[in-house]
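The structure appears right after this line, and notes come after that.
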Amino acid sequence: MKIATWNVNSIRTRRSLVCDWLEANPVDLLCVQETKVVDEDFPREPFESLGRHVYCAGQKSYNGVALFSRVPLENVEIGFGALLPEEIVGDLDDQKRAIAGTLNGVRVVDLYVPNGGEYDSDKYRYKLRWLEVLRKYIEVTLDKYDRLCICGDFNIAPDDRDIHTPPGNKPIVGTTPAEREALQEVLSLGLRDPFRKFTEEGGIFSWWDYRGGSFRRNRGWRIDHHYLTPELFDRTVSCTIDVEPRKLPKPSDHTPVIVEWKD
DNA sequence: ATGGCGTAACAATTACGA
C-alpha cells in the first residue's frame, strides 16, 4: 500500500502537474490539500480518466482537501463534525480541512492544519484550538478503527531538524512549543512518524517558499507528514519525499511525500 | 522592519500562505 500527501496550492492551477505525477507514481491513494475550489468546480474528470475515484471537500478561494483513490473508498466523512458533537466542533468545519475514508481496512485521514498567521494572533489561537479538537477527533477515530494513517500539511516542523534555520528567541509560527506540544498530544494517542523510521537526518524538507530562491538554496521546512498506528508503522518499508515536482515550471510550493507498507 | 512569490477573487487591490 502506497499513500501520498501533497499540498497542491490550487488543484485547478496544478491539475496537469498532479495528473502527470499520478500517472508516473501510481500510488493507491493521493491525499491533497489547498485545493482552493468549491466541489461543483472541482476538476474530477482528468483524475477519473486516470482511473481514480475522487472525493473532495472544498470552499471558495481557501483551504480544501481531496482524495484520489484507485479503489472506491468506504465511509467517506468530511470535517470533525462527522464524529464530534457541535459543542466541541463549533465553527471549525466552516473551513474545509479534513476528509477521511477507508481502504483495505485502513482508515485514512487527510488534514490541512491551519497556518497560524502571526504568533499570538487570532489565527494562531485558531490553530491551537483546531489541534485540540483534532486530538479529540483522532481519539474517537481510534475507538472505531484499529489501523489508522493520518497525513497532510501539518504546518508544524516537529523539531529543529525539520526547518532550515532553527528558531532563535523570537517565536516562529510552526515551531513554537505550544504547537509542537499540541501535535505530540495527538501522536501520544498511538501514532508514529514513518519518515523518522528511516533517517535521523535534518535538512530534508517538503516545503520551500516561492520567494528568495528558497528551493535552490534548500531553505525549507518538513511540514507534510504521515502518522501511523504501530502495526502499520512496523510494516512500513519506505517514507520518501519526491522533490522532482518542485523543480518543474509552475510548481506547488510543497512536494509529495509517499509512505509504503507491506500488505 | 519589510518584501520577496504565487493563487483567488475581482477588476486594482487585498487576503492568505508558513
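Each chain gets a letter, A, B and so on, in the order its sequence line appears, and its residues count up from 1. In this text the structure is predicted, and so the values were computed from the model without any measurement.
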Pick base, sugar-phosphate or nothing for A:H164, based on heavy-atom distances below 4.0 Å to the nucleic acid.
nothing
Indicate, with a heavy-atom threshold strictly under 4.0 Å, whether A:D224 touches base, sugar-phosphate, or nothing.
nothing
Here's a test of your reading of the structure: between A:V37 and A:Y62, which maps to the more 5' nucleotide of DNA chain B?
A:V37
I want to confirm an ordering. Mapping A:K170 and A:N7 to their closest nucleotides on DNA chain B, which one lands closer to the 5' end?
A:K170
Heavy atoms from C-beta onward define the side chain here; which of B:dT7, B:dG17, B:dA9 lies closest to that of A:Y112?
B:dG17
Less than 4.0 angstrom from a charged side-chain N to a carboxylate O is my criterion; do A:R147 and A:E231 meet it?
yes
Whole angstrom value for the distance that separates [atom2] of [N] from [atom1] of [X]:
X	N	atom1	atom2	result
A:Q33	B:dG17	CD	P	14 Å
A:F154	B:dG17	CZ	P	17 Å
A:H254	B:dT7	NE2	P	13 Å
A:K60	B:dC16	NZ	P	14 Å
A:E34	B:dA9	CD	P	13 Å
A:W207	B:dG17	CH2	P	12 Å
A:N155	B:dC16	CG	P	15 Å
A:R15	B:dA8	CZ	P	13 Å

Determine the interatomic distance between P on B:dA1 and the same-named atom on B:dT14; round to the nearest Å.
23 Å
Distance between the P atoms of B:dG6 and B:dT2, in whole angstroms?
23 Å
Tabulate atom names and distances for all N/O pairs under 3.5 angstrom spanning the protein and nucleotides 2-6 of chain B.
residue : atom : partner : partner atom : Å
B:dG4   : N1   : A:R211  : NH1          : 2.8

Check whether any side-chain heavy atom of A:K36 lies under 4.5 Å from a side-chain heavy atom of A:S61, and answer yes or no.
no
Checking side chain to side chain donor-acceptor pair (under 3.5 Å) between A:R180 and each of A:D159, A:T175, A:D160, which is the one that passes?
A:D160
Once you measure the plane-to-plane angle for [X] and [Y], does it fall in the parallel (<30°), tilted (30-60°) or perpendicular (>60°) bin?
X	Y	result
A:W221	A:W207	perpendicular
A:Y227	A:H225	perpendicular
A:F42	A:F47	tilted

Is it the case that over 12 heavy atoms from other parts of the model lie below 6.0 angstrom from the NZ atom of A:K197?
yes
